[in-house]
Chemist: 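Below are the structure tokens for one structure; questions will follow.
Sequence lines set the chain letters: A, B, ... in the order given, protein chains first and strands last, and positions in each chain run from 1. The shown structure was predicted, so the numbers you read here are calculated from the model rather than taken from an experiment.
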Number of protein chains: 2
Amino acid sequence: MTITEFLNPQDWLGQGTGPRYVQLRRRLEEAIEQGILAPNASLPPERELAELTGLSRVTVRKAIQELVAKGAIVQRQGSGSFVRDASPRVEQSLSALTSFSEDMQRRGLETRSTWLERGVFMPSPEEMVALGLGADESVARIARIREAGGKPMAIERAALPTDILSNPLLVTTSLYEVLEAEGLRPVRAIQKISAINLDEDDAALLDVEPGVAGLSIQRTSYLASGRVAEFTRSTYRGDAYDFVAELRLSNAKDKR
Amino acid sequence: MTITEFLNPQDWLGQGTGPRYVQLRRRLEEAIEQGILAPNASLPPERELAELTGLSRVTVRKAIQELVAKGAIVQRQGSGSFVRDASPRVEQSLSALTSFSEDMQRRGLETRSTWLERGVFMPSPEEMVALGLGADESVARIARIREAGGKPMAIERAALPTDILSNPLLVTTSLYEVLEAEGLRPVRAIQKISAINLDEDDAALLDVEPGVAGLSIQRTSYLASGRVAEFTRSTYRGDAYDFVAELRLSNAKDKR
DNA sequence: AAGTGGTCTAGACCACACC
DNA sequence: GTGTGGTCTAGACCACTTT
């Protein structure tokens, strides 16, 4: 059964419910599930899909668009539309305080960083609050795209007081490695996780479509002394990352 | 400055970069940021926007569509398009094992459940693996929409062995309360968090647009004896929920 | 009945990839 | 150059809400 045959509109169009672009989207999803469209296979061109199904190209595009948003299909201008092969997901523990590069090395994945920003700056108001800095103090910033296994996984923007990280240029792979060499490795962190739709900029940096779901993570980490060591905002690809946490019963029950 | 004036195309169209629908989207975002479009205010009708800007209605719709996907605007057929007021986010701890209803009560929010499914069933293959059940054993399922403060927050689908929860109908608000009454409250859980784009069905249940980012959470919880007590898959609204975790340095460093 | 968003079409031109 | 996706238009009709 070829995809062309499978999309013969007599077999499905008008039989289900809902708008035609939804019906086509569902038919394409079935084709992917059933392997009629294998991973990395190319879809027929939009114009051909339109002719095959008797729909207009705009309607065809709307059906495909929903699959692109879900990450099931990638489109490349001038080249074609392709079924995306499910990329293996990586899990990160949410209870152990580890660094990205250490975490990936343990999995045997190679990491690479593309620097977006690295230097000493005047603190932004947000950084002043998060790090407890005065307006006359300075802040070390390192911002980079983290890649693992050849794929961009996250955008990481870290800010540290300059007396904790005086020379940001020393950081080549692991930030925590540099901090540890100074005896300044954080021992504790509070992390906040939210789901977001990636905006144009972040999506471009992570090589996915805008609107795809990602995880936004804000972390404040502390030295043993209780002082704030690091304030980091990261954006992870939702299709490549899971966070795993271990929970324990707090003392909330008692009284019985 | 009215929104009609603000959208005068001479002031912005063709001055920035990118496709026209992107330029219009940005202009609308600015209008919302600057308060020219207040929360809950209605946008001009699409046809009027098209005439105002000199763009076609299809292009106008595409610009608005991106804002709807981000959750910045809601559209109601037959009624209009409205600026969405940012809903306050709720944070849940990722280290303490608490239940949804207990958590919300502590915040003074009223909770409500709409039942989707509640009863005893044959276990699905996935449930057999997760709960360690044989094919001849049965499973108690409770699936519901959790609301807090009058808004749907999450879809929760829990499965438990029937000897831990023999009568699912006993659960009215807090599952953990029922388990605790039997001395079977879990003391430990492993939770996996991923970002997803909400599909049509989940989006409808949570009263948001399909494609908006949400958090998918899979939790397996354990009794003190080590036995699996509960396997739950939940989907949270990304715009209403943050998860907060406390991390600690594991013994990964040493050796120096 | 009038107004609004939702769907759909046919056709055009542009931007980019591949040969 | 040819083929692909990306953008855009003008106009139509449907479904739903509001009055």
Side-chain angles (χ1 to χ4, degrees), chain A residues 3-4 9 13-14 16-28 37 40-69 72-84 200 203-204 207-211, chain B residues 3-4 9 13-14 16-28 37 40-69 72-84 200 203-204 207-211:
Chain A
I3 181 63
T4 307
L13 197 58
T17 175
R20 301 189 219 187
Y21 71 89
V22 172
Q23 295 181 43
L24 173 56
R25 190 203 64 206
R26 281 199 279 255
R27 190 71 175 174
L28 288 171
L37 280 172
N40 294 316
S42 69
L43 273 69
E46 295 175 354
R47 289 166 181 79
E48 193 178 320
L49 283 174
E51 198 177 359
L52 269 172
T53 57
L55 302 173
S56 76
R57 190 173 154 218
V58 176
T59 305
V60 168
R61 274 182 69 75
K62 183 148 187 183
I64 294 180
Q65 204 44 54
E66 304 205 349
L67 295 171
V68 170
I73 286 181
V74 281
Q75 290 188 299
R76 285 196 282 275
Q77 181 170 130
S79 174
S81 302
F82 306 86
V83 178
R84 177 161 185 161
E200 270 178 298
D207 195 21
V208 295
E209 299 305 313
Chain B
I3 181 64
T4 306
L13 196 59
T17 176
R20 301 188 220 189
Y21 72 88
V22 172
Q23 294 181 43
L24 173 56
R25 191 204 64 207
R26 282 199 279 255
R27 191 70 175 173
L28 288 171
L37 279 172
N40 295 314
S42 69
L43 272 69
E46 293 175 353
R47 289 166 180 81
E48 194 178 320
L49 283 175
E51 198 178 359
L52 269 173
T53 57
L55 302 172
S56 77
R57 192 176 151 215
V58 176
T59 305
V60 168
R61 274 183 68 77
K62 184 149 187 183
I64 294 180
Q65 204 44 55
E66 304 204 350
L67 295 170
V68 170
I73 285 181
V74 282
Q75 290 188 299
R76 285 196 283 276
Q77 181 169 131
S79 173
S81 303
F82 305 86
V83 178
R84 177 159 184 166
E200 271 177 300
D207 195 20
V208 295
E209 299 305 314

Chemist: Could you check how far CG of B:Leu67 sits from C1' of C:dG5, rounded to whole Å?
Modeler: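 In whole Å, C:dG5 C1' lies 16 Å from B:Leu67 CG.
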Chemist: Enumerate the residues from residues 43-57 of chain B whose closest heavy atom to DNA chain C is under 4.0 Å, giving them by residue number; use none for an empty result.
Modeler: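 Contacts with DNA chain C under 4.0 Å: B:Pro45, B:Glu46, B:Arg47, B:Arg57.
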Chemist: Do you see a donor-acceptor pair shorter than 3.5 Å between the side chains of A:Gln75 and A:Glu46?
Modeler: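 Their side chains do contain a donor-acceptor pair, which is all the 3.5 Å distance test asks for.
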Chemist: Would you kindly give the CD-to-P distance between B:Glu66 and D:dG6, to the nearest whole Å?
Modeler: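 Taking atom P of D:dG6 as the reference, CD of B:Glu66 is at 13 Å.
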Chemist: So which protein N/O to nucleotides 15-17 of chain D N/O distances come out below 3.5 Å?
Modeler:
unit_1, atom_1, unit_2, atom_2, d
D:dA15, N3, B:Gln77, OE1, 3.3
D:dC16, O4', B:Gln77, OE1, 2.9
D:dT17, O4', B:Gly78, O, 3.3

Chemist: Testing the basics here: between B:Ala50 and B:Ser56, what is the closest heavy-atom pair and its distance to 0.1 Å?
Modeler: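 What the structure gives for the nearest pair is CB-C, 4.0 Å.
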Chemist: Between A:Glu209 and A:Val74, is there a donor-acceptor pair closer than 3.5 Å when you use the side chain of the first and the backbone of the second?
Modeler: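 Not confirmed, A:Glu209 side chain does not pair with A:Val74 backbone.
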Chemist: Examine D:dT7: is either OP1 or OP2 under 4.0 Å from a nitrogen or oxygen in the side chain of B:Lys62? Give yes or no.
Modeler: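 The answer is yes; a side-chain N or O of B:Lys62 sits under 4.0 Å from OP1 or OP2.
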Chemist: Testing the basics here: between B:Ala63 and B:Arg25, what is the closest heavy-atom pair and its distance to 0.1 Å?
Modeler: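 Closest approach of B:Ala63 to B:Arg25: O-CG, 3.6 Å.
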Chemist: Round to a whole Å and report the spacing from CG of A:Leu24 to C1' of C:dC8.
Modeler: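 Whole-Å distance recorded here is 13 Å.
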Chemist: Hey, does B:Arg61 reach any base, or is it just sugar-phosphate, or nothing, if we go heavy atoms under 4.0 Å?
Modeler: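 Answer is base: heavy atoms of B:Arg61 come under 4.0 Å of a base.
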Chemist: Can you give me the closest heavy-atom contact between A:Leu49 and A:Thr53, atom names plus distance?
Modeler: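 Heavy atoms of A:Leu49 and A:Thr53 come nearest at O-OG1, 2.7 Å.
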Chemist: Does A:Gln75 make a side-chain N or O approach to OP1 or OP2 of D:dT4 shorter than 4.0 Å?
Modeler: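 Negative; the distance criterion is not met.
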Chemist: With sequence neighbours left out, what residues match A:Arg84 under side chain to side chain donor-acceptor pair (under 3.5 Å)?
Modeler: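 Applying side chain to side chain donor-acceptor pair (under 3.5 Å) to A:Arg84 gives A:Asp239.
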Chemist: How far does CG of B:Leu67 sit from CG of B:Leu37, to the nearest 0.5 angstrom?
Modeler: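 These two atoms lie 10.0 Å from each other.
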Chemist: Please report the closest heavy-atom contact between B:Ile3 and B:Pro44, naming both atoms and the distance.
Modeler: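 Distance-wise, the nearest heavy atoms are CG2-CG, 4.0 Å.
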Chemist: Between A:Val60 and B:Gln65, name the one whose nearest nucleotide on DNA chain C is closer to the 5' end.
Modeler: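 Closest to the 5' end, via its nearest nucleotide, is B:Gln65.
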Chemist: Could you check B:Gln65 against B:Tyr21 for side-chain contact (heavy atoms from CB on, under 4.5 Å), going step by step and ending with a plain yes or no?
Modeler: CA-CA 10 Å; B:Gln65 204 44 55; B:Tyr21 72 88; over 6 Å; no
Chemist: Please check the phosphate of D:dT7 (OP1 and OP2 only) for any side-chain N or O of B:Tyr21 closer than 4.0 Å.
Modeler: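 Yes, such a contact exists.
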Chemist: Between C:dG6 atom C1' and B:Glu209 atom CD, what is the distance in whole Å?
Modeler: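 Rounded to whole Å, this separation is 12 Å.
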